[in-house]
J.: 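Submitted below is the structure of interest, expressed as structure tokens.
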2 protein chains.
Amino acid sequence: MTAPRLDRGDYGLLLLGLLGEREMYGYEVVSELRARSTAVIDLPEGTVYPALRRLERDGLVRARWVDVEGAPRRRYYALTTAGERALTEGRESWHRFTRAADQVLGG
Amino acid sequence: MTAPRLDRGDYGLLLLGLLGEREMYGYEVVSELRARSTAVIDLPEGTVYPALRRLERDGLVRARWVDVEGAPRRRYYALTTAGERALTEGRESWHRFTRAADQVLGG
DNA sequence: TCACCTACCTAGATGTACTAGGTAGTGTAG
DNA sequence: CTACACTACCTAGTACATCTAGGTAGGTGA
């Protein structure tokens, strides 16, 4: 019964977009996404952490542990060169797609 | 190794968008999508036919067989009332999403 | 003591796209 | 008359991402 939602894709590109600005850790990514999109994009942690792992597995991001005083340690993620390239390409194909979709949906 | 693609969602909404304009049959949907999006959205038949079936199963479209002289018969699909409502809602949430995504990706 | 927040993680279910086929009818070029 | 191409439909199986629903652990404040 649920209506079809075009916004259910591979969210990896959004994570690349955030990490393209600065190094971030997983939990920060979750709250940044929510803040920046005024809660429109509200990915649960169970979605974000596996997604970051996939990006790492595919060589698009690099991770490092950082100890923090008086808090659990954080796993910071940063783009690799391949990640930056993927972000650029992904952004372009995303814009191509939105233009095409608006052509179909009526912009 | 493949780069993450934000444009892999549930394409059902696009089909609703097409059918919102006029009744169409499956094969027509495939070629219309390709034509209208200048081949950016190129869904294979193996994607479109099952998607139409799902929309029908969910009560968003209604199907009828039409005999054609000198050609294989066609299965025409049209929106139901629920389908029109789903299209309106889907369009809105799609626009909310693109705005939010551009906020993250850098528009 | 209890609740809550940060910060990370995973197993399993669900669901969709896509691959790679298949059937059948019509028209056409060699 | 044969081979190819095009229309028009269909399905089984695979791959993969989201999401649910948990869990672990350290720290803070009532």
Side-chain angles (χ1 to χ4, degrees), chain A residues 1-16 23-35 40-58 60-61 63-77 86 90 93 97 101, chain B residues 1-16 23-35 37 40-58 60-61 63-77 90 93 97 101:
Chain A
M1 246 289 261
T2 35
R5 295 179 49 190
L6 201 47
D7 55 346
R8 293 257 174 110
D10 177 354
Y11 292 136
L13 182 59
L14 287 180
L15 306 189
L16 288 186
E23 209 184 17
M24 283 188 203
Y25 56 97
Y27 201 83
E28 191 182 8
V29 166
V30 173
S31 25
E32 267 293 307
L33 264 183
R34 205 168 314 166
V40 171
I41 302 171
D42 191 2
L43 300 183
E45 299 169 36
T47 297
V48 171
Y49 286 114
L52 287 170
R53 290 310 193 97
R54 280 195 298 275
L55 293 176
E56 188 183 10
R57 181 201 61 198
D58 296 341
L60 304 181
V61 303
R64 65 190 182 95
W65 283 105
V66 173
D67 285 321
V68 182
E69 295 183 62
R73 62 190 190 146
R74 301 168 175 169
R75 195 164 164 79
Y76 273 87
Y77 290 90
S93 91
F97 178 74
Chain B
M1 244 290 259
T2 36
R5 295 180 48 189
L6 201 45
D7 55 345
R8 294 252 176 115
D10 176 353
Y11 291 134
L13 182 59
L14 288 179
L15 307 188
L16 288 186
E23 211 184 16
M24 284 188 200
Y25 55 98
Y27 200 84
E28 193 182 7
V29 166
V30 174
S31 25
E32 267 293 308
L33 263 183
R34 206 168 312 164
S37 69
V40 171
I41 302 172
D42 192 2
L43 301 182
E45 299 169 36
T47 296
V48 171
Y49 286 114
L52 287 171
R53 290 310 193 99
R54 280 193 299 274
L55 292 175
E56 189 184 9
R57 180 201 61 194
D58 296 343
L60 304 180
V61 303
R64 66 189 181 97
W65 283 106
V66 173
D67 284 322
V68 182
E69 294 182 64
R73 62 190 189 145
R74 301 167 175 169
R75 195 163 165 79
Y76 274 88
Y77 290 91
S93 90
F97 178 75

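Proteins come first, then strands; the chains are lettered A, B, ... in the order of their sequence lines, and each starts at number 1.
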J.: When you check the phosphate oxygens OP1 and OP2 of D:dT18, does a side-chain N or O of A:Tyr11 lie under 4.0 Å from one of them?
T.: no
J.: Rounded to the Å, how far apart are A:Leu43 CG and C:dC8 C1'?
T.: 17 Å
J.: OP1 or OP2 of D:dC10 versus the side-chain N and O atoms of B:Tyr49: is any pair under 4.0 Å?
T.: no
J.: Between A:Met24 (CE) and C:dA7 (C1'), how many Å, whole number?
T.: 16 Å
J.: Can you list the residues that meet the side-chain contact (heavy atoms from CB on, under 4.5 Å) rule with B:Ala63, with sequence neighbours excluded?
T.: B:Glu56, B:Arg75, B:Tyr77
J.: May I have the distance from B:Asp10 (atom CG) to C:dG15 (atom P), rounded to whole angstrom?
T.: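 About 11 Å, once rounded to whole Å.
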J.: Can a side chain N or O of B:Arg53 be found less than 4.0 Å away from OP1 or OP2 on D:dC10?
T.: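 So the side chain of B:Arg53 is within the cut-off, an N or O lying under 4.0 Å from OP1 or OP2 of D:dC10.
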J.: Got a sec, which residues hit salt bridge (charged side-chain N to carboxylate O under 4.0 Å, His left out) with B:Arg5, two or more places apart in sequence or on another chain?
T.: B:Asp7
J.: Between D:dC19 atom C1' and A:Arg54 atom CZ, what is the distance in whole Å?
T.: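 After rounding, the gap between these two atoms is 11 Å.
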J.: Verify the contact: side-chain N or O of A:Arg75 to OP1 or OP2 of C:dA7, cut-off strictly under 4.0 Å; return yes or no.
T.: no
J.: Quick one: list whatever passes side-chain contact (heavy atoms from CB on, under 4.5 Å) with A:Glu45, sequence neighbours left out.
T.: A:Tyr27, A:Val30, A:Tyr49
J.: What does nucleotides 21-30 of chain D look like as a protein-contact string, B for base, S for sugar-phosphate only, - for none, at under 4.0 angstrom between heavy atoms?
T.: B-----S---
J.: Nearest to the side chain of A:Thr47, which nucleotide is it out of C:dT19, D:dT18, D:dC10?
T.: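 Minimum distance to the A:Thr47 side chain belongs to D:dT18.
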J.: Whole angstrom is fine here: how far is it from CZ in A:Arg8 over to P in D:dA17?
T.: 16 Å
J.: If you compare every side-chain N and O of A:Tyr27 against the phosphate oxygens of C:dT6 (OP1, OP2), does one of them come in below 4.0 Å?
T.: yes
J.: For A:Glu32, enumerate each residue passing the side-chain contact (heavy atoms from CB on, under 4.5 Å) test, keeping only those at least two apart in sequence or located in another chain.
T.: A:Leu18, A:Arg22, A:Met24, A:Glu28, A:Arg36
J.: Taking CH2 from B:Trp65 and P from D:dC9, how many angstroms apart are they, rounded to a whole number?
T.: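 That distance rounds to 6 Å.
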J.: To the nearest Å, give me how far apart OH (A:Tyr25) and P (C:dC5) are.
T.: 15 Å
J.: In terms of the angle between their ring planes, are A:Phe97 and B:Tyr11 parallel, tilted or perpendicular, with boundaries placed at 30° and 60°?
T.: tilted
J.: Rounded to whole Å, please give me the gap between CZ in A:Arg74 and P in C:dC5.
T.: 17 Å
J.: CG of A:Leu60 to CG of A:Leu52: how many Å apart, nearest 0.5 Å?
T.: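 Interatomic distance, A:Leu60 CG to A:Leu52 CG, rounded to 0.5 Å: 11.5 Å.
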J.: Taking only residues two or more places apart in sequence, or in another chain, which ones meet B:Arg64 in a salt bridge (charged side-chain N to carboxylate O under 4.0 Å, His left out)?
T.: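 Salt bridge (charged side-chain N to carboxylate O under 4.0 Å, His left out) list for B:Arg64, sorted by chain: B:Glu23.
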